[in-house]
Amino acid sequence: MKRLELWLYIAQRGSALVLAPLVLLHLGVILYAVSGGLSAAEILGRTRSTMLWPAAYGLFVVAAAIHAAIGLRVVVREWTHWRNRTLDFAALGFGLVLLLLGLRAVQAIA
Amino acid sequence: MTNASLGTLKVEIWRGAEEGDFETFEVPSQPSQTVLDLVTYVQRKLDPSLAYRFACRVGVCGSCAMTVNGTPRWTCRTHVQKVASSGRVRIEPLRNLPILKDLATDMAPFFDKGQEALGRFVPSDARASEVATIPPDDPKRKEANAAIECIGCGVCYSACDVVSWQPDYLGPAALNRAWTLVNDVRDGDRQGHLKAVAEDAGCHACHGHQNCVEHCPVGLNPTRSIAGLKRLVVMAALKGEL
């Protein structure tokens with residue numbers, strides 16, 4: 001792909017923009033759930049009451065998978081001698097694993 | 001004039017090329033002595049085979065840049081007193097460049113990257129048209145002015161960790177120069193400059209560590225210039241203009 005690095009840069013910064021508010025939301029949810037002493041059943045009852053929660057966490061998972069895979073690829077390229085095409089596929093694989101695991105978790109709360 | 005009461009300094013100097021070792025010399029201390037004075041003393045009095053590079057001796061040409069106690073500096077503008085901890089000074093060639101001999105590096109990769117980044121003025125139809133009027137307070141002119149004083153000494157390039165990790169990376173000086181040109185309304189190929197810095201080892205590879213800012217002897221801020229290029233390049237890519 002022409003200018004692959006630039007497009008990866010754009011995808012990583014774009015996914016960071018999406019992640020920033022969602023991370024804050026997630027932290028807020030944790031604080032709320034823990035301090036209120038909600039049970040697992042109560043939490044699931046609330047997340048399943050509306051599609052907004054699965055949608056927000058689904059977006060979170062997609063953004064995290066993109067962001068982490070690209071970031072890890074850069075770290076590996078800069079800190080090791082592994083920089084050929086196989087690294088691109090490995091990073092893609094890592095992103096897909098994150099995506100699948102994350103979406104499976106989202107499915108459980110939907 | 002040597003002042004014996006000031007004692008001597010232990011000066012460790014890199015000898016060889018990529019393979020080599022440090023050689024220690026004893027150099028008499030003098031008041032207001034610069035690191036370049038130390039190297040010159042060694043070359044003239046102790047070992048004439050020492051290779052190093054300098055020209056103006058007054059911080060104008062930038063050719064005497066070396067690594068002094070781990071930090072890239074202009075040796076002519078570095079007083080020994082400021083860097084000599086416990087009477088020792090370690091002098092090495094600039095990092096991130098091939099070593100030719102002793103303290104002299106091959107600057108070709110550094111200057112080649114200036115060309116790769118299209119870091120040169122591209123004339124427009126200038127001869128036939130009116131001379132461009134550029135008010136000094138024009139925002140673009142201000143951006144260009146803030147970055148224009150680079151003399152290409154290579155200190156930022158040597159200080160840059162991203163260059164050491166990604167040898168293809170264009171580096172702070174080349175990108176800083178490109179930034180001055182995209183802000184120059186007289187330049188005839190703004191798009192060409194943006195395309196050049198959007199290539200795979202271009203501006204987006206910068207992590208914003210600001211080592212270049214920290215070490216620039218002229219006090220420039222290449223990280224800011226690179227951030228400006230990133231914004232322009234991303235917008236151009238999203239608009240399909242690259």
Side-chain angles (χ1 to χ4, degrees), chain A residues 1-25 27 55-56 58-99, chain B residues 95-96 113 116-118 157-172 174-175 178-179 182 190-212 223-242:
Chain A
M1 182 182 172
K2 203 178 171 203
R3 297 205 171 85
L4 173 68
E5 300 299 328
L6 176 62
W7 286 109
L8 289 177
Y9 170 85
I10 292 171
Q12 206 201 16
R13 295 321 191 266
S15 57
L17 272 178
V18 174
L19 276 175
L22 289 174
V23 167
L24 291 177
L25 173 76
L27 289 174
L59 190 62
F60 192 129
V61 164
V62 172
I66 294 171
H67 192 78
I70 298 172
L72 189 67
R73 176 179 171 274
V74 173
V75 172
V76 172
R77 271 167 64 90
E78 292 188 350
W79 285 74
T80 72
H81 294 290
W82 188 14
R83 14 186 96 188
N84 57 22
R85 216 70 183 131
T86 57
L87 173 61
D88 296 347
F89 289 115
L92 186 65
F94 177 72
L96 285 174
V97 168
L98 283 185
L99 186 69
Chain B
R95 189 173 71 134
N96 294 338
K113 285 181 180 176
E116 270 178 57
L118 195 59
Y157 188 83
S158 172
C160 179
D161 284 336
V162 180
V163 174
S164 70
W165 296 326
Q166 290 193 47
D168 292 343
Y169 173 50
L170 293 173
L175 293 168
W179 173 244
V182 297
R190 189 168 191 270
Q191 215 58 18
H193 294 299
L194 290 182
K195 281 183 181 172
V197 300
E199 290 298 333
D200 277 353
C203 59
H204 45 274
C206 168
H207 290 322
H209 290 162
Q210 304 189 46
N211 277 350
C212 51
T223 306
R224 187 171 186 277
S225 301
I226 297 167
L229 285 177
K230 285 176 180 172
R231 280 194 298 275
L232 293 181
V233 161
V234 167
M235 292 313 290
L238 293 176
K239 287 179 188 168
E241 292 171 356
L242 286 182

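It should be emphasised that the depicted structure is a prediction, and the values quoted were computed from it without experimental measurement. A, B, ... follow the sequence lines: proteins, then strands. Residue 1 opens every chain. Computed from heavy atoms alone, side chains included, the values below leave out hydrogens, waters and symmetry copies.
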**Asked** If you look at every heavy atom in B/Pro167 and A/Arg83, which pair is closest and at what distance?
**Response** CD-NH1, 3.7 Å

**Item:** Considering all heavy atoms, the nearest A/Val74-B/His207 contact
**Value:** CG1-CE1, 3.9 Å

**Message:** As an exercise, state the distance from CD1 of A/Ile10 to CG of B/Leu238, rounded to the nearest 0.5 Å.
**Reply:** 4.5 Å

**Item:** Close side-chain approach of B/Leu242 to A/Leu6, heavy-atom, < 4.5 Å
**Value:** yes

**Prompt:** Hey, are the side chains of A/Arg13 and B/His204 touching, using non-hydrogen atoms and a 4.5 Å cut-off?
**Reply:** no

**Complete:** Separation between CD (B/Gln166) and CZ (A/Arg77), nearest 0.5 Å, reads 5.5 Å

**Asked** CZ of B/Arg224: more than 12 outside heavy atoms within 6.0 angstrom?
**Response** no

**Message:** What I'd like to find out is whether the side chain of B/Lys230 reaches to under 4.5 Å of the side chain of A/Tyr9, using heavy atoms alone.
**Reply:** yes

**Asked** Taking the side chain as C-beta and beyond, is there a heavy-atom pair between A/Glu5 and B/Glu199 under 4.5 Å?
**Response** no

